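Just so it is clear, the values below take in all heavy atoms, side chains as well, and ignore hydrogens, waters and symmetry mates. Reminder, nothing fancy here: chain letters follow the sequence lines and each chain counts from 1. Here the structure is a predicted model, which means the values were calculated and not measured.
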There are 4 protein chains.
Amino acid sequence: MALKTGSEYLESIKSLALEAHILGKKTDKVSEHGLVEPSQKAVAYTYDCAHQPDTRSLFCVESNLCKDVVNRFSHIHQSTEDLVNKVKMQRYCGIQTGCCFQRCVGMDAANAIFSTTFECDRKHGTSYHERFKAFWQWIQKEDFMVDGAMTDPKGDRGKRPKEQSDPDLYLRVKERRPDGVVISGAKMHQTGMLNSHEILVMPTITLRPGEEDWAICCAVPTTAKGVRHIYGRQASDTRKLEQWKVDVGNPVFGGQEVMTVFEDVFVPQERIFLNGEVDFSGILVERFASYHRQSYGGCKVGVGDVLIGATALIAKLNGVASASHIKDKIVEMIHLNETIYSCGIACSTLGEQTPAGNYQVNLLLANVCKLNVTRFPYELARLATDIAGGLLGTMPSAADFEDSVTGPYIKKFLAASPEGQVVDRIKVLRLIENLVAGAGAVGYLIESMHGAGPPTAQRIMISRQADLDGKMARVKELLGLTG
Amino acid sequence: MALKTGSEYLESIKSLALEAHILGKKTDKVSEHGLVEPSQKAVAYTYDCAHQPDTRSLFCVESNLCKDVVNRFSHIHQSTEDLVNKVKMQRYCGIQTGCCFQRCVGMDAANAIFSTTFECDRKHGTSYHERFKAFWQWIQKEDFMVDGAMTDPKGDRGKRPKEQSDPDLYLRVKERRPDGVVISGAKMHQTGMLNSHEILVMPTITLRPGEEDWAICCAVPTTAKGVRHIYGRQASDTRKLEQWKVDVGNPVFGGQEVMTVFEDVFVPQERIFLNGEVDFSGILVERFASYHRQSYGGCKVGVGDVLIGATALIAKLNGVASASHIKDKIVEMIHLNETIYSCGIACSTLGEQTPAGNYQVNLLLANVCKLNVTRFPYELARLATDIAGGLLGTMPSAADFEDSVTGPYIKKFLAASPEGQVVDRIKVLRLIENLVAGAGAVGYLIESMHGAGPPTAQRIMISRQADLDGKMARVKELLGLTG
Amino acid sequence: MALKTGSEYLESIKSLALEAHILGKKTDKVSEHGLVEPSQKAVAYTYDCAHQPDTRSLFCVESNLCKDVVNRFSHIHQSTEDLVNKVKMQRYCGIQTGCCFQRCVGMDAANAIFSTTFECDRKHGTSYHERFKAFWQWIQKEDFMVDGAMTDPKGDRGKRPKEQSDPDLYLRVKERRPDGVVISGAKMHQTGMLNSHEILVMPTITLRPGEEDWAICCAVPTTAKGVRHIYGRQASDTRKLEQWKVDVGNPVFGGQEVMTVFEDVFVPQERIFLNGEVDFSGILVERFASYHRQSYGGCKVGVGDVLIGATALIAKLNGVASASHIKDKIVEMIHLNETIYSCGIACSTLGEQTPAGNYQVNLLLANVCKLNVTRFPYELARLATDIAGGLLGTMPSAADFEDSVTGPYIKKFLAASPEGQVVDRIKVLRLIENLVAGAGAVGYLIESMHGAGPPTAQRIMISRQADLDGKMARVKELLGLTG
Amino acid sequence: MALKTGSEYLESIKSLALEAHILGKKTDKVSEHGLVEPSQKAVAYTYDCAHQPDTRSLFCVESNLCKDVVNRFSHIHQSTEDLVNKVKMQRYCGIQTGCCFQRCVGMDAANAIFSTTFECDRKHGTSYHERFKAFWQWIQKEDFMVDGAMTDPKGDRGKRPKEQSDPDLYLRVKERRPDGVVISGAKMHQTGMLNSHEILVMPTITLRPGEEDWAICCAVPTTAKGVRHIYGRQASDTRKLEQWKVDVGNPVFGGQEVMTVFEDVFVPQERIFLNGEVDFSGILVERFASYHRQSYGGCKVGVGDVLIGATALIAKLNGVASASHIKDKIVEMIHLNETIYSCGIACSTLGEQTPAGNYQVNLLLANVCKLNVTRFPYELARLATDIAGGLLGTMPSAADFEDSVTGPYIKKFLAASPEGQVVDRIKVLRLIENLVAGAGAVGYLIESMHGAGPPTAQRIMISRQADLDGKMARVKELLGLTG
């Protein structure tokens, strides 16, 4: 079995001829679209790492399913060491790409489905687990990129799925047939969708008896009939389509977001992993969410490393690297970034084996991890803005820099420390702009807030997992209270 | 004397036929450029307010110079009540435009120059004060828009102006002639430049003996020979040039930034207000900065009001307005916003009369005000992002909304609370995006950090103004220490 | 009419022969008790200030009631300037005493009752306002110290007054007689009680129809029959009773807290200012609370000044005053302290005249002020702890310092910078300890949290006062929404 | 070899007949002193845990030195799992005692000396490592309590040891003799000193050539000739000596601090582990500090658990447990506490083996851990104060509660939720007071700031360990910079 290289992956995804609507136009050459390309390159990077000598050992791991070496992004975690290595791998990808590399969602979905199907089968006598193992073995063998699709549109937040004016506002089974189901609805905020071969569809909330139609988990090809992708806008996105690339900020990699509609999509039985068992919907959601909250303890830390590196570099290029307040702010950035990383590592170390045999993160600490992710990147961005200086919001365009009239003025007046050239200073500033107020901020700030669930979701989980009763009991004991 | 209306202002500025380089192209129809237009409308709004029945009393005030009614934006403050009203007026403009309305800089420069020239004349026997009064009376009479230009490129931050490899990295007097001076250099981060009739050039730092060439304060028309404007890029700026305007976020108003080069610009004597008197450079800088730090206690609060209003509105449209955690976060946004306002008001109330007769803000509290501005808008933006939801980073474009194929899907799946329509939800989300990660974020976040000087500048001023020795003396007295 | 001096006040309060239970013992020589003395000295200081040449103009003001000069602590505010001066006076007292000087509560109660009774009379035809004016004129004339008593025990927080197992858990009218009322209950957290001549009793919450018995506002002498005072413990309180005073920290002044029981206390008609008019209970509570939240924008800032001064001094004595991180932390302390002050000033400047003629603070900003007080002093205390060093928690006692065996070792090993003596270093450290983890921390930290109501009370008021609807309306208008 | 029980430990320490000066009096019955007793009980608890069925497996571990089972508090860590278990054990002790249990310092010192002596020997041909192994095997065999003594008085912070007016301000070798050395100086902030059998003396800073006399590491019995202990005062300490114990807060356990003088103390050769090798002083300091910064990621979290439990309990007893803002604040407390724990776990998981064979924590993350400890406990204390209510600063004494006159009033008016009795409410409030503003605050707040070094020390280490150059290099590579 051969792990794909980055270029093999790109070929493979190109051959799918995915269709999407992008900024009002339909295209079936998604892979060649200037908006999509940086995002596919980020995914490709995760493939290349399985081949690079210095990263191979971290990215390659023996699968428990196919007994062969797979890319860790397709791995079912077999130990807490695997969980720790997952986070290390994610941080590495983050610092290398400076953006969301999108391949975690499928990995997190697979691990959650793996253990949930096992327990569902045990209780309900279903046979989802073997089905899923077979499916996932295929994924591992093909070294496919898989998107995990959880978030439903949710319509009126005050109402349950069946109370919505439109039942499709939560993705649902519209028809149950002997050979499969027909599903209808949409999934929002799909980061890796256009770069994926397959989609793992999951429910978005804990469902209750009577809501069986919404309790569906299944695999769907990204090119399936009835699947339709609509591209999401991001800050400064069209700079990627301009002539001069410097203004993009991140010259190689980038993220993207898609809204995917499922219009009467047929899913055959062998691709169904939950179908009406409402009592396992919440477990699936919770586990996926926790894995994904752990993920952020790696990937966002890696992007944070890029922001810290860029900030230290601009301080140097501005000639202020040795000022004590600058150094102090950079230490603060590092401190906050490493605090997130600590949470990512800790929830991995304290993970536990599930009945199905794979390893689950510590639910409490994974949520603590993500809650910090909803805060600290914002402070890193603020400090980076402080150090970078006002040019972040006022610098002339690359086109003006290249212009024969204005270019010399810009070179003359943007000269700073003799340690670097003006063009370097511009590039570093554009990278910082990308992360704090440009396309990269969608991944680094907005996604840090809402990806894997908003902060309130984490707070609820923290409240449930914290054994508050145990703490109160200990205090009563210490004080000798009888009540 | 007739105060201009908004449209008279627009006519007047259009008639200047200002030239600028914008995104690699030269244009002499700046006023008609899609990137500039929203910014001129924001300035025009400040003119209209002098005529609206409900704002007239706040915006119109009797000038001490021409003894006629002028727009408060051209006023020399005559009392602490004037200072308080300035802040109220700025908050009002902020909430009405949702962006930087640019007209404060000239007002703040004028008030700083007014008192500094008086004291300089008293010490050095110069006659800048009368000159400036004459000049400013003309400004008031014409009801002109004036840009204050302070920030030099600064080159290598570790070096003084004369040590730079290029002396122009700090704007300087290149030649002194009987009838005036020739200046050379550039001014960065010029917000209102393209919408102004005149520029008040000021030094950027406290200068020392031997640095007389950089101690220049003078007035220059924005269209003067040798003056060249290069447009600054901002996040998502080109959305303003697209067909569908919804994606811009703020449908009417907006900000912009310009880098202005002064290449051998001749300034006649009657327009010079400081010329080599290095001992008054620091005073001028400090006073302008403090007025401008006070300004942020009004304008950014107004923009904060817009962000709070938009956030409350999206909570309603999402159907979550009554959730306790949502309400709590909105209270927090209000609290932080009003804390800034309190600082703006307090530094005005505790202002003092200068020897020249106009009123100066309390220097300590004006700096405290601005230092909070470098923090709280970031937290407001974070909370708004939290409440708005992930769509902030993933919502399809207006073009897709208008498209006959994708439009219906977007309408179907973005439906939320029955309280509003999908298009309203989209508009409110785009406004929030504008302020937290789009073109508006330049004004609301980056400018909040660096406009009127970065936080370190405020910390230095706070340290100087806080009478730490007095506090230590009181403690010694309380403890009966003899040392 | 002669304003009392500090010593005349002390004589006067001593002559009352107040009784109290203190640490398990009953005493009728309260004024001579070592725990009470520092607290009375702090009150006395407010009397002396009306006589000192440099403070007289701030502390003396012409009364609208008696048309004579009164101490501002007894003044009914006649302008926003009066409100601003109130805050300035409080900051001054705070920096001079380094503790709670207790005299604000009566002033704040009087101003709230003044305007509430006027409006109650207008609506209900009662005659409370004239009664109160007569009463307060007498207070001004006698220059008495008055305690404002609001906080009821409140019992089970989930229940209304009449649902409590014991109706006295909210202070109430037990009997209505032709000549007056008999009241029963208790008031908690009474800071100035043992140093006061009179008590102004007020309701603690907004009452509803059917709860008329709890809607009582009246004046009671501190020595009235049925009134009983039980002393509250504070951290390190008994150090005040030890031989060596250095360990107390603040060598002169201090605070205290008392729980006061009202057991069938008779109040004659002329001392009753609200009696069953439930619709004015909430107004009274809200106004008193807002005045008192403004007060904290002065007094706590003054104590903050002491903490800042002591911290700067210990940095000097430790020999680290010039370290950049030390200077930076002190700037941060100043910044936070002045931010509170700004709120105190701003809610005064934007105050408004009530129908009764006196001036009310701006309710929104007064609550913003207090909400900051529940946060920033904690950060000041944390920073002071950081700079002071570990000795704050480990320093040997004054007794050991005075001991012939251990004293020399302490002198030898606590020697630091040559700028000061060891005993000075010890004194400054003890003062900081007093404020961050000793008796003073009750006033500076716990009272900052709960005095004038806990943070949640301020959040509710902020939410009510912020005109959120107006902000939403403006956003709708800007976006052209029709909904 | 038998591990001591708690009572055997107490007997053993009592038999030492340690002398100390406490509050101005010399005592040789330290173990019976009311101030010391709670502190010894906390240490005794760590001994009992090695015998309790449910804790034995965590506290007992096979020693690499004596190949026998030892208490983990005496263990030389043999794996990252050992490091993780250390933190788990510390959290457990923290939640059980609610205070500093003091036994970590010796463990941390031993592990640092173990690896440092190995490397020193390798370089300098000394034989400290075998000496130390022999010494520590004896400690393990006797199951002794060991204090680690690092912090010197430091005198004038701007001067090196030899520049001080008194060379003893850094503990030093005063005389080198064939059979050993004579040392002179003092160690500050010694938490476990009075409860220890032995002291491990270490240098306090990185020393330089020429400062050999201060580069001393050795073992000294706590009762050695010339050793003198002077007790440190703590907030509310004397409550421990009063009749009614409720006011103490923590009814069983407590902390204490001592200043220990070394006056010409002779140390024989076999107890010396560093003697003049200045190049290993910094390594020893850095390692000990990092182990100890890891420790805080366990012990302070445990005390945090107590504070959280007490806060949740008082919310219940106050009848407000179900209020959303209360629940939210408790979640915040948990979140912050678990963030610290995550750092404690992560720096353990990412620990590495030293050349000597034992395991060292990850230096970067251990410092990140401690830096969070200098912040979050303060916020937990603030939130606990918020929820507990004003009684925290105003509640009458236990003596008044027991008094026949005042007791009934206190019972009547402090009644709250029917879920608990008044005395329970008082006890819980006193426990919270203990931790936020009483004797416990020394351990929970002041020690969290300064124990294991103040925040600035952590910032320096973070700055050194963060590979900022690597981050900048990655950014250059990503941007294709050549500079």
Most chain C-contacting option - heavy-atom pairs closer than 4.5 Å, from [options]:
options: D/Leu169, D/Thr191, D/Asn434, D/Asp156; result: D/Asp156
options: D/Glu447, D/Gln164, D/His21; result: D/His21
options: D/Ser165, D/Gly185, D/Gly451; result: D/Gly185

Over all atoms of both residues, closest heavy-atom pair of [X] and [Y]:
X: D/Tyr409; Y: C/Ile230; result: CB-CD1, 4.1 Å
X: D/Arg157; Y: C/Gly319; result: CB-O, 4.2 Å
X: C/Ala437; Y: D/Ala235; result: O-CB, 2.9 Å
X: D/His450; Y: C/Thr385; result: NE2-O, 2.6 Å

Taking heavy atoms only and a threshold strictly under 4.5 Å, list by residue number the residues of residues 388-400 of chain D that touch chain C; give 'none' if the list is empty. D/Gly389, D/Gly390, D/Leu391, D/Leu392, D/Gly393, D/Thr394, D/Met395, D/Pro396, D/Ser397, D/Ala399, D/Asp400
Given heavy-atom pairs under 4.5 angstrom as the criterion, report whether the side chain, backbone, both or neither of [X] touches chain D.
X: C/Val258; answer: neither
X: C/Glu263; answer: side chain
X: C/Arg459; answer: neither
X: C/Thr238; answer: side chain
X: C/Asp403; answer: side chain
X: C/Lys187; answer: neither
X: C/Asp166; answer: side chain

Take C/Val405 and D/Arg228, measure what side chain to side chain contact (heavy atoms under 4.5 Å, CB included) needs, and give me the verdict at the end. CA-CA 10 Å; C/Val405 175; D/Arg228 195 182 294 272; 3.5 Å; yes
Any non-hydrogen side-chain atom of [X] less than 4.5 Å from a side-chain atom of [Y]?
X: D/Leu414; Y: C/Pro153; result: no
X: D/Asp386; Y: C/Thr374; result: no
X: C/Asp168; Y: D/Lys412; result: yes
X: C/Tyr378; Y: D/Glu379; result: no

Greatest number of heavy atom pairs closer than 4.5 Å to chain D - which of [options]:
options: C/His189, C/Arg375, C/Gln190, C/Glu402; result: C/His189
options: C/Ala415, C/Gly158, C/Gly255; result: C/Ala415
options: C/Val436, C/Asp237, C/Leu317, C/Leu23; result: C/Leu23
options: C/Val261, C/Leu445, C/Val442, C/Val320; result: C/Val261

By the salt bridge (charged side-chain N to carboxylate O under 4.0 Å, His left out) test, which pairs, at least two apart or in different chains, include something from residues 429-446 of chain D?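 Matches after skipping sequence neighbours: D/Arg239-D/Glu433, D/Asp247-D/Arg430, D/Arg430-D/Glu433.
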Is there a donor in the side chain of C/His325 and an acceptor in the side chain of D/Thr456, or the other way round, less than 3.5 Å apart?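 There is such a pair (donor and acceptor under 3.5 Å, judged by atom type) between the side chains of C/His325 and D/Thr456.
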salt_bridge(D/Glu242, C/Arg233) N-O dist < 4.0 Å: yes
Value rounded to 0.5 Å, distance of CD1 in D/Ile410 from CE in C/Met259: 6.0 Å
Near C/Lys411 NZ, under 6.0 Å, is it more than 12 heavy atoms from other residues, nucleotides or ligands? yes
